Amino acid sequence: MTNPYVPLLWLMGIAAVLALGGVGASAIIGPKRYNRAKLEAYECGIQPTPHAVGGGRFPIKYYLVAMTFIVFDVEVVFLYPWAVSFVELALYGLVAMLAFLVLITVPFVYEWRRGGFEWD
């Protein structure tokens, strides 16, 4: 009797060989035309500026936008299975999801108060 995980391991091995083979082949075969623009750091389409010696403050809006994406992604990940099994979960599932939605609202309100939804 064979192990049921053998086909999965084969598939993962083939995927790894294809991924690493593609990266390796592009490194070997691909053109190597470096210029000043390709070697510079890319900062959202603006010219990179040198930072202060001790570092510098980074705008909070960057983190607020990232937090919004994470909050909504986590919310969808938990809401979809809950909606699929809503009938089986009954009242306990409803109370648990309401508690989750209340907790997920906290970063949303924080971002709103900090001005994360106001675009310049």
Side-chain angles (χ1 to χ4, degrees):
M1 184 162 248
T2 63
N3 190 344
Y5 291 108
V6 171
L8 183 63
L9 292 174
W10 272 103
L11 183 65
M12 288 172 34
I14 291 170
V17 166
L18 287 174
L20 294 174
V23 171
S26 69
I28 294 170
I29 300 170
K32 294 171 181 56
R33 290 181 284 235
Y34 298 112
N35 57 24
R36 184 173 161 236
K38 283 188 178 183
L39 295 175
E40 282 187 3
Y42 181 73
E43 294 184 6
C44 303
I46 61 173
Q47 291 296 326
T49 57
H51 295 291
V53 175
R57 295 195 63 162
F58 207 77
I60 189 73
K61 286 194 177 203
Y62 174 79
Y63 298 106
L64 292 176
V65 170
M67 188 168 37
T68 302
F69 283 115
I70 291 171
V71 165
F72 287 124
D73 287 346
V74 168
E75 187 176 9
V76 168
V77 164
F78 284 112
L79 279 174
Y80 184 74
W82 172 77
V84 169
S85 61
F86 177 73
V87 174
E88 292 86 16
L89 294 174
L91 183 62
Y92 174 75
L94 180 64
V95 170
M97 190 49 64
L98 286 176
F100 172 71
L101 289 175
V102 166
L103 287 175
I104 216 80
T105 304
V106 171
F108 183 75
V109 170
Y110 172 76
E111 182 174 357
W112 193 346
R113 300 236 346 163
R114 292 291 298 210
F117 299 124
E118 297 170 6
W119 299 105
D120 296 329

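Predicted, not measured: the structure shown is a model, and the values here were computed from it. Just the heavy atoms: all of them, side chains too, but no hydrogens, waters or symmetry mates, feed the values below.
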- So do Leu98 and Val102 actually touch side chain to side chain, heavy atoms under 4.5 Å? no
- Task: Hey, could you give me the CH2/CD distance between Trp112 and Glu118, rounded to the nearest 0.5 Å?
- Result: 10.5 Å
- Query: For Val6, which residues count as a side chain to side chain contact (heavy atoms under 4.5 Å, CB included) partner, sequence neighbours excluded?
  - Reply: Asn3, Trp10
- Item | Matching residue for Glu75 among Val77, Leu79, Asp73 - test: side chain to side chain contact (heavy atoms under 4.5 Å, CB included) | Leu79
- Starting from Val84, walk the hydrophobic network (Ile, Leu, Val, Met, Phe, Trp, Tyr; side-chain heavy atoms closer than 4.5 Å) and list everyone else you reach, by chain and number. Tyr80
- Message: Once salt bridge (Lys or Arg N to Asp or Glu O under 4.0 Å) is applied, do any residues pair with Arg36, and if so which ones, sequence neighbours excluded?
- Response: Glu40
- Sequence neighbours excluded, every pair satisfying ring-ring contact (aromatic ring centres under 6.0 Å, His included) that has a member inside residues 84-107: Phe78-Phe100, Trp82-Phe86
- Item | Under the side-chain hydrogen bond (donor to acceptor under 3.5 Å, both in side chains) test, residues paired with Thr105 that sit two or more places apart | none
- Message: I'd like to check the side chain to side chain contact (heavy atoms under 4.5 Å, CB included) partners of Ser26; sequence neighbours left out, ordered by chain and number.
- Response: none
